Number of protein chains: 2
Amino acid sequence: MDHNEQRPPSQRAPRADARQNRIRILAAAHARFAVDGLAAEMDAIAREAGVAVGTLYHHFGTKEALLEAVVVDGLEHLAAYMQALLAEPDPWTGVERLLQYMAERQMNDRAFGELIGAQPTLRATTTATKRSLGPLIQQILQRAQASGQLRMDVVVGDIPLLLAGLSERTMTPATCQRYLDIVLSGLRVKQTPPAPSGLPLIW
Amino acid sequence: MDHNEQRPPSQRAPRADARQNRIRILAAAHARFAVDGLAAEMDAIAREAGVAVGTLYHHFGTKEALLEAVVVDGLEHLAAYMQALLAEPDPWTGVERLLQYMAERQMNDRAFGELIGAQPTLRATTTATKRSLGPLIQQILQRAQASGQLRMDVVVGDIPLLLAGLSERTMTPATCQRYLDIVLSGLRVKQTPPAPSGLPLIW
DNA sequence: TATTATATTGAACCATGGTTCAATTTGTCA
DNA sequence: TGACAAATTGAACCATGGTTCAATATAATA
């Protein structure tokens, strides 16, 4: 509060051990959140990272912040995958793959599943995720709608809802498959307009 | 442990105030569980019932037992409604109404929604519910399958999963309707076999 | 190597919420 | 109306789990 403590936005390079620990913590947190969901305990994460709890709080100020760091960390992969889906020749395939991917992700990462469902909890994290992924999902959906394959009334927010059933439970691959099958079938526009072959489909 | 404490299965009639309180508690518990879900606090229930916490534990030994009492309490209505659905002329209507009813119930009663989803938690309550409702749901489904309207691969356990998205969130009636629409559409068998009119449909 | 800012430690703190139980009140019945 | 079992009370107990912080250790730099 005295001297000339004008911190130029970037301080000093973090210490080597600190950098290592940060990585270890993120890995451990990811693992524990995946298995235990949002209920994962800070002590457990610390133990798995080979570090004391205090260190978690030194790096990330709070449990929620740690969670957010983990989530944001994995966000790029997700975004990249969705970007790729936009390049799919068949728009409907994009929708299929999108749901399949989210489903798989939910099965492997409990916290992920719990996050995309809940609305008001953990404002920050949820917001960050939705901000980042929402527009991409929207494009995927719109493309499939424009091609007449996806119900016109579906909106981005429907996707997490429809996938909620896959969270927090153990289910056989068969059950999971059937679930996706049903939802996808429900999302798809029913009768492809009886198009007597020979005429252009849309106009 | 001494004297002749052979309790003939029925003891003595419960006291009048106790009977009143039991009712008040059940009502309060129902209300709080509906609003706060399984996280409803015993103190809050007691307060709402105009009673001390200890009384809750006198009547029901534990929070889980209280929850179960509340659930079992409402089970008859549910069972009765489902029974009625079996009398529906059109089997598919039975499925529609079943989902609609469960959905509505989930929207109005948070604990209900949380219960039908979770698998290993609260073994007793969950078991009781499923024991009682499972067979009925199964009949409704089988009837619709026999009539060729419902996907043949659907099993009882799929229904809670498919409805999970409606739990723990606030959603507009429109969204809820769309959700049900999608799921029901996904459950329904696609093309009614193109049956050139004049021939019997099934054989 | 001496110095110091940066990191780490983990026991202790605290809030939450289910549960207990000795003291007290109250319904019931002779 | 006594007398006693049944019922109620609510403060205290306890476990859980996130968070703090003074003491300590360590990497970086001169």
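We name chains A, B, ... by the order of the sequence lines, and we start the count at 1 in each one. Just so we're clear, the structure is a prediction, and the values are computed from it rather than from any experiment.
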Over how many whole Å does the gap from [X] atom [atom1] to [N] atom [atom2] extend?
| X | N | atom1 | atom2 | result |
| --- | --- | --- | --- | --- |
| B/Asp36 | C/dT16 | CG | P | 15 Å |
| A/Leu38 | D/dG17 | CG | P | 14 Å |
| B/His58 | C/dT20 | NE2 | C1' | 14 Å |
| A/Phe60 | D/dG18 | CZ | P | 16 Å |
| B/Met42 | D/dC13 | CE | C1' | 16 Å |
| A/Leu56 | C/dG10 | CG | C1' | 12 Å |
| B/Asp43 | D/dT9 | CG | C1' | 13 Å |
| B/Phe33 | C/dG17 | CZ | P | 14 Å |

Any [X] side-chain N or O less than 4.0 Å from OP1/OP2 of [N]:
| X | N | answer |
| --- | --- | --- |
| A/Thr62 | D/dT19 | yes |
| A/Tyr57 | D/dT19 | yes |
| A/His59 | C/dT8 | yes |

Option among A/Ile159, A/Leu162, A/Asp158 that satisfies the side-chain contact (heavy atoms from CB on, under 4.5 Å) test with A/Val183:
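Testing each of A/Ile159, A/Leu162, A/Asp158 against A/Val183, the sole residue satisfying side-chain contact (heavy atoms from CB on, under 4.5 Å) is A/Leu162.
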Around B/Glu104, counting heavy atoms of other residues, nucleotides and ligands shown, do more than 12 lie under 6.0 Å from its CD?
no
Tell me, for nucleotides 22-30 of chain C in 5' to 3' order, what letter each nucleotide earns: B for a base near a protein heavy atom under 4.0 Å, S for only sugar-phosphate near one, - for neither?
----BSS--
Validation row: [X], [Y] side chains within 4.5 angstrom (heavy atoms):
| X | Y | value |
| --- | --- | --- |
| B/Leu150 | B/Gln142 | no |
| B/Asp43 | B/Arg47 | yes |
| B/Ile45 | B/Glu48 | no |
| A/Trp92 | A/Arg188 | yes |

Result for 5'-nearest mapping on DNA chain D, choosing between B/Thr55 and A/Lys63, is B/Thr55
Is A/Ala46 touching bases, backbone alone, or none of the nucleic acid, heavy atoms closer than 4.0 Å?
nothing
With sugar-phosphate meaning primed atoms plus P, OP1 and OP2, does A/Ala40 contact a base, only sugar-phosphate, or nothing at under 4.0 Å between heavy atoms?
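Counting heavy atoms under 4.0 Å across all strands, the contact made by A/Ala40 is with sugar-phosphate only.
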Please determine whether side chain to side chain contact (heavy atoms under 4.5 Å, CB included) holds for the pair B/Ser185 and A/Lys190, giving the CA-CA distance in whole Å, both sets of side-chain angles, and the decisive distance to 0.1 Å.
CA-CA 9 Å; B/Ser185 161; A/Lys190 291 298 137 174; 2.6 Å; yes
Counting side-chain heavy atoms from C-beta on, which of D/dT19, C/dT8, C/dT19 comes nearest to A/Asn21?
C/dT8
Minimum-distance nucleotide to A/Glu41 side chain [options: D/dG18, C/dT9, D/dT8]:
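My answer, after comparing the listed nucleotides, is D/dG18.
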